[in-house]
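Below is one structure, written out as structure tokens; the observations come after it.
In what follows, chains carry the letters A, B, and so on, assigned in the order in which the sequence lines appear, proteins first and then strands, with residues in each chain numbered from 1.
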Amino acid sequence: MKLRLMSDVLSETKIKFVLKTKLFGKRIYAFWSIGSTNDFAYRLAMQGEDEGALVIAEQQERGRGRKARVWDSQFGKGLWLSVILRPDLPSSNAGLIPYLAGVSVSRAVEDLTGLQPEMKWPNDVMLNNMKCCGVLSEVNFKNGKIDFIILGIGINVNHEAGEWSDEIDKIATSLRIEKNERLERADLLAEILFQLEQAYDDVKKNGFGQLLDQWKKRCPVFQQNITILQEDKKISGTFINLDEKGCLLLKGEDGKIKKIVAGDLLV
Amino acid sequence: MRPKEIKKLIELVEGSSINELEVSRYGKKVSIRKNLGNVVVASSSETAAVAPPQAMPAVEAKAPVPQPKDTETAKQEGETNVFEIKSPMVGTFYRSPSPETDPYIQEGDIVTANQVLCIIEAMKLMNEIESEVRGRIVEILAENGKPVEYDQVLFKIEKL
């Protein structure tokens with residue numbers, strides 16, 4: 001058992017051995033423990049680190065989500081990673097990039113486990129209506145264009161039920177809980193980066209249309225009535241589409257279409 | 001940096017002849033500057049370029065917070081001295097990193113180049129908007145938690 005646990009550690013050597021990508025993971029920064037992989041990747045990018053660099057840690061001490069909410073990043077239980085992207089896109093298109101992460105994770109999970117993940121807007125990956133993956137991205141602009149984007153991805157892989165606080169336990173799940181077996185994190189990492197690279201190559205050649213279509217197919221409430229919580233206000237309507245910038249278009253009862261860029265979709 | 005540590009630094013600056021102090025730690029920068037007898041605290045990312053420390057001329061420090069009317073005057077007298085910070089993307093405007101924390105800046109604050117002013121969020125993609133100039137925040141034109149459009153003016157800053 002001990003040997004197996006040791007072999008599960010995501011060292012740079014091990015990651016290099018399993019990777020199937022040319023770009024993502026070209027440089028690997030692997031840590032036992034880090035404050036936040038996003039913060040580290042952001043600093044690397046500011047210092048000129050190339051696109052494709054991967055920052056990964058066995059645990060994050062200050063993993064975070066939207067609005068500085070805590071992202072539980074327990075040692076060795078999940079994949080806590082960030083990658084640096086430098087897409088040649090105007091700043092106004094930056095909001096499309098995070099869709100790459102959600103769709104790629106979803107495809108990778110499906111391929112490896114046979115489970116059918118669903119998307120919750122904008123980028124939560126859900127299994128049985130419980131969250132197994134969250135994406136938090138950060139962007140820096142230069143001269144009206146994207147200088148770099150940090151895609152931060154957190155996936156609950158080998159947690160067992162009850163391994164979170166009561167509050168998180170109500171909304172979170174892991175691949176292990178859903179599949180009822182332990183997963184090799186390195187294989188999942190390799191598959192996610194592979195899917196991400198394929199999707200990234202595709203949007204560079206063909207634009208984001210197909211990626212957004214894939215996302216919509218995986219979203220159970222697409223074209224359904226939804227409610228979004230923004231600050232302390234709830235907005236309801238029909239989720240009619242995603243626009244060309246990735247914004248959610250919500251048609252209210254009055255027939256007016258609202259463009260939503262941020263908020264918590266209520267289940 | 002913890003609030004307790006920042007408080008200690010403020011006390012240190014208050015009780016000394018130092019006009020300005022900048023401390024970098026854990027990737028964050030805190031700068032503390034005396035202003036009209038008060039102490040102004042600002043934090044930003046460590047990697048941000050920093051304007052050279054400079055004691056504030058007394059006349060600037062004593063200037064009142066400009067009201068909208070003053071902004072108009074400033075525009076007429078010298079449009080080039082007012083710098084506009086615009087939104088680089090469609091998103092939601094936040095004045096603080098989380099609902100529980102204080103706003104990055106208030107109207108009347110003096111900011112350094114590369115100091116973080118707000119966050120714009122779109123699809124859980126966060127963009128910290130930094131000041132491109134050193135100056136005084138004349139006007140904040142967007143409302144916390146509300147949507148902003150691409151190229152919408154968010155702040156007016158009087159260059160110093």
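Here the side chains of A/K245 and B/V90 are not in contact, with every heavy-atom distance at 4.5 Å or above. A heavy-atom distance below 4.5 Å is not found between the side chains of A/I97 and B/L125. In this structure the side chain of A/L136 reaches within 4.5 angstrom of the side chain of B/M126, judged on heavy atoms. With a 4.5 Å cut-off on side-chain heavy atoms, B/K124 and A/D124 count as touching.
Atom CG of A/N206 sits in a crowded spot, with more than 12 heavy atoms from other residues, nucleotides or ligands closer than 6.0 Å. No more than 12 heavy atoms of other residues, nucleotides or ligands sit less than 6.0 Å from atom CD of A/E167. Counting heavy atoms of neighbouring residues, nucleotides and ligands inside a 6.0 Å radius, atom CD of A/E253 does not exceed 12 of them. The neighbour count for A/D254 CG, taken as heavy atoms of other residues, nucleotides or ligands under 6.0 Å away, is above 12. Counting heavy-atom neighbours within 6.0 Å of A/K234 NZ, excluding the residue itself, gives a total of 12 or less. No more than 12 heavy-atom neighbours from other residues, nucleotides or ligands sit within 6.0 angstrom of CD on A/Q210. Counting non-hydrogen atoms of neighbouring residues, nucleotides and ligands closer than 6.0 angstrom, the NZ atom of A/K258 reaches no more than 12 such neighbours.
For A/Y99, the part lying under 4.5 angstrom from a heavy atom of chain B is the side chain only. Heavy atoms of B/E132 lying under 4.5 Å from chain A are absent altogether. Contacts of B/N144 with chain A are made by side-chain atoms alone, with heavy-atom separations under 4.5 Å and no backbone atom involved. Both the backbone and the side chain of A/V139 come within contact range of chain B, with heavy atoms under 4.5 Å apart. Of the atoms belonging to A/L248, not a single heavy atom falls under 4.5 Å from chain B. Both the backbone and the side chain of A/E138 come within less than 4.5 Å of a heavy atom of chain B.
Of the listed residues (B/N127, B/T92, B/T101), the greatest number of heavy-atom pairs within a distance under 4.5 Å of chain A belongs to B/N127. Heavy-atom pairs under 4.5 Å with chain B peak, among A/G35, A/G263, A/S137, at A/S137.
Atoms CZ and CE, on A/F141 and B/M89 in that order, are 5.0 Å from each other to the nearest 0.5 Å.
Remark: B/E100 does not engage A/R69 in a salt bridge, criterion side-chain N to carboxylate O under 4.0 Å.
Using modelled atom types, one side-chain atom of A/S91 and one backbone atom of B/P88 make a donor-acceptor pair closer than 3.5 Å.
Among all heavy-atom pairs drawn from A/G246 and B/M123, the shortest one is O-SD, 3.4 Å.
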